[in-house]
Amino acid sequence: MDVVSVIVTIGGYFVDPIKKHCGYLIHYNSNIKDLKIKIQKLRDKRDGVHLEISAAKRNGQVIAPEVETWIEKVRNILDEDVEANKMSLDGWCPHYSLSRKAKKKTLEIDGLLSDAAPFVTKVSYPPPPLGIGSSSIEGIVDFESRTKIRKEIFEALRADKINMIAICGMGGIGKTTMAKEVAKRAKDDKLFDEVVMAVVSQNRDLSKIQGQIADMLGLELKRESEGGRAEQLYSRLKDIKSVLVILDDVWDALDLDLIGIPYGGQHNRCKILLTSQSEEACTQMKAQKIFPIKVLPDEEAWNLFKGMVGNCIYTPSLHPIAKEVAKECGGLPVAIVTVGRALESKSEFEWSAALQQLKNAIPKNISGLDSKVYSSIELSYSYLKSDEAKSCVLLCCLFAEDSNIPIEFLVRYGVGQRLFAKIDTVADARNRVHTIVKNLKRSFLLLDSEEGEEHVKMHDVVRDVAISIAENKGFLVRCNETMEEWPEKDSCERSTAISLVSKELKRHPDGLECPKLELLQLSCDKDTLQMLPPNLFTGMNGLKVLSLINMSFPSLPQSINVLQNLRTLQFVSCEITNVSAIGELRKLEILSFIGSKIKELPGEMRNLSYLKLLELTECSDLERIPPDLLSSLSHLEELYMFGVDVKWKPMEEEEEKRGANASLTELMSLSYLVALKIQIPNIMVLPKDLPFKNETIKFQIFAGNNVKIDEDNFEEYYHYLIKNSLGLASCDVSDITESRMLLQLFKKSEILKLKEIKNLKNIVYELDKEGFQCLKVLEVGGSDDVEYVMDATSDQNRRAAFPILESLKVFRLNNLKEIYHGQFPKRSFNSACFGNLKSLCLEKCQHLKNVFSLSIARGLVQLQKLEIDDCYNMEGCFHKEGEDDKALNDNIMFPQLTSIELDSLPRLIGFCTGVGPVELVQPSLNREVGRISTDEVTNLEKHKMTDIQQHTGPFPESTPIISHKLFLSNTILWPPNLKYLELWKADSLEVVFDLKGLNVNNNHQRIIVLAQLKTLEVKDLSKLTYVWKNVPLGIQGFQKLTSIEVSKCHHLRYLFPTSIAKLLVELQSIEIEECDAIENIVQRDGEEEATDIILFPRVSSLKLQELPNIMSLCIKTYSFEWSSIKEIYLYRCPKLKTIGSEIQSPRKSKKINRELYSRPNEHELGSPGFLWRCLECVPRHKNYGLMAVSDQGTTNKSQRSYFVKKECLKNLESIELINVPSPKVLFQLEELNVEENHMAPVLDQLRKLILYGLDNLMHIWKKGSERILSFGNLRLLYVWRCNNLTYLFSPSMAKLLVMLEEIKVGYCEKIEEILTRAGEEEEKKDVLFYKVNSIALHKLPNLKCFCSETNALEWPSLKEIRVIECPSLSTFIPSNLNTPKLEGVYNSYWEGEETCHWKGDLNATIENIFKGKEKQVNHETQQEEQIETIENDM
């Protein structure tokens, strides 16, 4: 080969590669462009494949392996593309490198696109599954009442052992809304992989339910049979890692297997949420947690209503009507929304008509009213399983709206009408009705009453529906306060039940023909004498129930004898002289004179041989019951005579005299008597030896002065679920022990109250040698002779006393030595004396030093409440004696104790005396702590109690120690579930919690103390120096403390050590008052902190009063963000410089104690001034939050920048600073920077600002960014005795105060104008005080005008101006201004002494007053009184 050929050949080897590589440079742009196009095509193809995969998976199909491989390759390619975009230019020739890589990637992508062809052929794909719709009523879920429930629901959904929960409530209450919101948030928070929802409804259709769930899963149910569809659905749900299935509107128990829903066992990741009007249905389905939803509170209901109606309700004439309409909706969300929307933009006439229709329960006549609310309630009624339950619902609608309906009335009406099948006695009927009512509550047709378990309420909307139903059954219900006469004759005569409630009802018909009428209820005003026509009842011979309430008439009409079918006759709070006619009503079974004024029972009542119940409760005028009358009532089952002062025939009288009273021996012969409730003057009128014929009789007998026996028993007058109760007062113990009847009653009594019993020394074995085996409540007081509640020294073989005693109250026993005297028996906790005790209250027992020894205390495992008050010599709740070492070794624990109140105990030195601190470690418990949340601590403590106790004892033997510390390191663990602790006037105590000896073991495991404590009150402890002392490193506890109140502890220098303060993540209220030595709230206790902790993130109320030495909240670097604060009240804190840290070092990264409290990260915010550190406004790192900031830690004002944090003080509603002289600027807004195109709300919930005695204050507000929206809800501005202020606000600030209503300024010597001139940099615009209605200017010697510029001309709401002693005031505004509602200017705060000045306009009036044309008359005494009045108005 020649040279040329060789050269050419060799050149070919180089040229082609060079050409290729040069091509990368030449075609750089096209290669990059091609790559971008191919990448986009690959993304589109990938998305298409994903849609196919999703559709296949939803239908239970298996994905081919080659598809999975293809997806993985595509993911790698696209990830590399992302990284390529991020990397910087590299190498000597970046274009060459990138072009070469682009070409290579393009070829690789072409291959992937080609590979995808076989399995991507479609041009369309199934749509994604339908999501769950938004809430039907927007905004409700954000209300506080709903937020709390939603939080609890999510806690239940997260719990591993809970598979099914339920939301229950009446129709229209918002169950579905709540369920949808739970679904949405569960999906958003990725709590479940899938969330599906199906409506069940009353006519449940399994195929339809299956279809709804399948649609939401994107599953195509191809099988026809319900069983086949269930199997397909089951398979799909089972394959989902976690799924929430919501079944809405469940009426009866569902079989989940028939639907195809996996539940329980191995399927614990499939959770069920039910919504239902019936708790019973949910219980039958074995729901593990049921969350009842109640009506909205008044404020939330009104806010929702306002949101629906709009601004029209602020029209003065319409506002009160709107309030009533909203009230008629009864807090039902759907009713509020539908009514509100129906009345939006309607005229006042239409509003009034709607209100009247709502009051008259005619929902069909209200246009736009949602029929679903009414139909759901009607459906709930029709779904009731028994006619008895339906009858009870209809009986409830006879009472006025919002009534507390006595269940006993339902019993008596039902007995009279024979509503209850196979019921022979009143007691059985009562049990039946209470059972029905309980079930109706579970269906939410009835509600709990604040009056207790013997009353019930009916929601207004439910009542409206019930009346609509009842009208179709012949009910006539009129509850109208102004109705003076009965409704039209026709409507009355075809009625089966009539209820008329009106204070103005005066005229009654004579001779109505009402052949179908069975029940008549009349309620009037007893102050108006009723003239009942003689023939009122002539046409009512079928009447079975007659109830007359609050009526006054001399005697019953003659036609009463027509009512031969009457079984229930009830007089409630009636004034009636003669009732002898009732003797003709021989079928009468229930006769009641509750609270009526009758003086004597007529002898004709002896004819009522079928009478089963007689009630004379609170017939205070009743003096005489004829002899033999009671004994003639041979079928009497129940007798109620509380609040009756009958002069019973004494037992010693042998012969009856004319006009004498009945004897209680008559009751002994009544064989059917099963309930007796009676009050007698003394025990001498009781039969001594005659027992009741019915040994199972229920009794409540009070003998003696009723008030002495029970000051609260008046509430029990109308209780009919009787517990055997005996109360004795003002008698000698010898008279008691001589009565065999009383001794028998002692043995059966569940409640025993003994007051002022003479010569009683030992309660237990003197009165009942068997030890009160049935007693649950014991109250003993006012007896100087009692030495022991129980003296166990005389006979050791007796039965243990008080085995089921739950409550013991001992008071005013001045010589009480011990509650239990003697050696406590060694027996099991459960069988021991006091083993069931839940509440222990001691009051004014001056000789008592301790409550129980530790040998007794170890058995108090049921104790829930301990209250000791005014016991002068009390040293400790419990005491250790020499023989108690074994008791200590056997463990002390009060697992149920939640409340301790210790008041006025000047010699108290500890919770347990004679016990010193010990070194304590809890390894057994703390191995678990690291793995659990704080909410589970309580359960852990209960389950691991033995472990704790194994490591808390034995206590070292020692001589008694006087510690003057309430809780030591050992005793603080005794009440692990304590929630409330109150300490008042314990002058010997120096420390509340001394934790010395609580040490962390070698593995640094935590110790948990008082983890459930919520409220702590410490008041008037003159020697207290520490609340917490000797806090060990690593302690955990107190994390649920929500409220702390400290006052009059003059040796206390600080409240919290930092090691405790950082734990208090749930603290909501801090109140400190009159503690002379306090300098800081939080004091560094030596614990080293690597990072800064945000303290008190949940505090909503801060009140500091009369703390002469307080300077700041904390002297070190802890932060106070106050994101939850609503109220700040400072009073007489002259040295206070900041509501934050006194000295702040350069900021470290800030954190909350996340182990105790967590929330999503939020943008930082802040604001300077006196509230500077309160608002957490310190320089931040670059690019942290909303905007960049400059040099951290700089003090150069020009270089410093602050964040407007969204959360800081966002909830603050009230600020009151009184006699706090240190601040010069309150709100310094000028250094707040706001990112462009953003508006920053600052303190936009503040409603009240009161400043008094701020001697150095020069500016309330200092100017800020135009993009700051501040103080938009401020209503009241009160500034008094701030002598360095020259003005209140600038025009730019005033323009933000759009809701300001009242301005009060007084005793500010330097103020020259209220609204100052606009600054040079401020844009001059008019200021509109649209809402201001009242201005008061008092003793402002240098005030010249309200403002000196013509920029505040419009005052459309101003009604009142008071100007007092402002001698320099010459004009209000130097221009004409518009004040359409202003009537004049007043010169006094005293009504009657004030003078109203008016000269046509405000400026002229001001000028006229202060130029002397109308000289003011001010006397020195008047001035001082006015000053005092104004200051008291703060």
Problem set entry | Evaluation steps, side-chain contact (heavy atoms from CB on, under 4.5 Å), between Lys747 and Asp768 | CA-CA 7 Å; Lys747 298 181 189 301; Asp768 182 17; 3.2 Å; yes

For this session: Go through the steps to decide whether Val789 and Val780 satisfy the test side-chain contact (heavy atoms from CB on, under 4.5 Å), and finish with yes or no.
Result: CA-CA 9 Å; Val789 173; Val780 187; 5.9 Å; no

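Glu615 and Thr617 form a side-chain donor-acceptor contact under 3.5 Å, judged by distance and modelled atom types alone. No side-chain N or O of Asn815 forms a donor-acceptor pair with one of Asp784 less than 3.5 Å apart. Judged purely by distance below 3.5 Å, without hydrogens or angles, the side chains of Asp791 and Thr793 pair a donor atom with an acceptor atom.
Contact annotation: the side chain of Ile576 approaches that of Phe553 to within less than 4.5 Å [non-hydrogen atoms, C-beta and beyond]. Side-chain contact between Lys698 and Asn724 is present, with heavy atoms from C-beta onward closer than 4.5 Å. The side-chain heavy atoms of Leu848 and Met874, taken from C-beta on, include a pair separated by under 4.5 Å.
In this structure, CG in Leu622 is found 9.0 Å from CZ in Phe593, a value given to the nearest 0.5 Å. Going from atom CE of Met790 over to atom CD of Glu766 covers 13.0 Å, rounded to the nearest 0.5 Å. Put simply, CZ on Phe802 and CG on Asn836 are 13.0 Å apart, with the number rounded to the nearest 0.5 Å. Separating the CG atom in Asp628 from the CG atom in Leu633 is a distance of 11.0 Å, to the nearest 0.5 Å. Rounded to the nearest 0.5 Å, atoms CD (Gln700) and CD1 (Ile678) are 11.5 Å apart. A distance of 8.5 Å separates OG1 in Thr568 from CZ in Arg412, rounded to the nearest 0.5 Å.
Comment: Glu600 engages Arg624 in a salt bridge, judged by a side-chain N to carboxylate O separation of less than 4.0 angstrom.
In terms of the ring pair (Phe, Tyr, Trp, His ring centres under 6.0 Å) criterion, Tyr980 has no residue partners (sequence neighbours excluded). With sequence neighbours excluded, the residues satisfying salt bridge (Lys or Arg N to Asp or Glu O under 4.0 Å) with Glu638 are Arg430. The ring pair (Phe, Tyr, Trp, His ring centres under 6.0 Å) test applied to Tyr788 returns His821, not counting sequence neighbours. Under the ring pair (Phe, Tyr, Trp, His ring centres under 6.0 Å) criterion, Phe894 pairs with Phe878, not counting sequence neighbours. Not counting sequence neighbours, Lys587 has no partner by the salt bridge (Lys or Arg N to Asp or Glu O under 4.0 Å) test.
With hydrogens and angles ignored, the 3.5 Å screen pairs a side-chain donor or acceptor of His847 with a backbone N or O of Asn814. A donor-acceptor distance shorter than 3.5 angstrom exists from the side chain of Gln679 to the backbone of Gly643, with no hydrogens or angles considered. The backbone N or O of Cys574 sits less than 3.5 Å from a side-chain atom of Ser596, completing a donor-acceptor pair. A donor-acceptor pair is defined here as one N or O able to donate and one able to accept, closer than 3.5 Å; such a pair exists between the side chain of Asn661 and the backbone of Lys647.
Annotation for Glu450: atom CD counts as buried by contact number, over 12 foreign heavy atoms lying within 6.0 Å. Lys849 NZ: 12 or fewer foreign heavy atoms inside a 6.0 Å radius. A 6.0 Å sphere centred on CG of Asp645 holds no more than 12 heavy atoms belonging to other residues, nucleotides or ligands.
Between Phe772 and Phe746, the two ring planes are perpendicular [angle over 60°; tilted spans 30° to 60°]. Ring geometry for Phe702 versus Phe642: interplanar angle of 30 to 60°, hence tilted. Between Tyr413 and Phe399, the ring-plane angle classifies as parallel under the 30° and 60° cut-offs.
Each of Leu813, Leu754, Val733 was scored for a side-chain contact (heavy atoms from CB on, under 4.5 Å) with Ser783, with one residue passing: Leu813.
Taking the six-membered ring where the residue is Trp, the centroids of Phe699 and Phe692 are separated by 6.0 Å or more.
For residues 732-742, there are no salt bridge (charged side-chain N to carboxylate O under 4.0 Å, His left out) pairs, not counting sequence neighbours.
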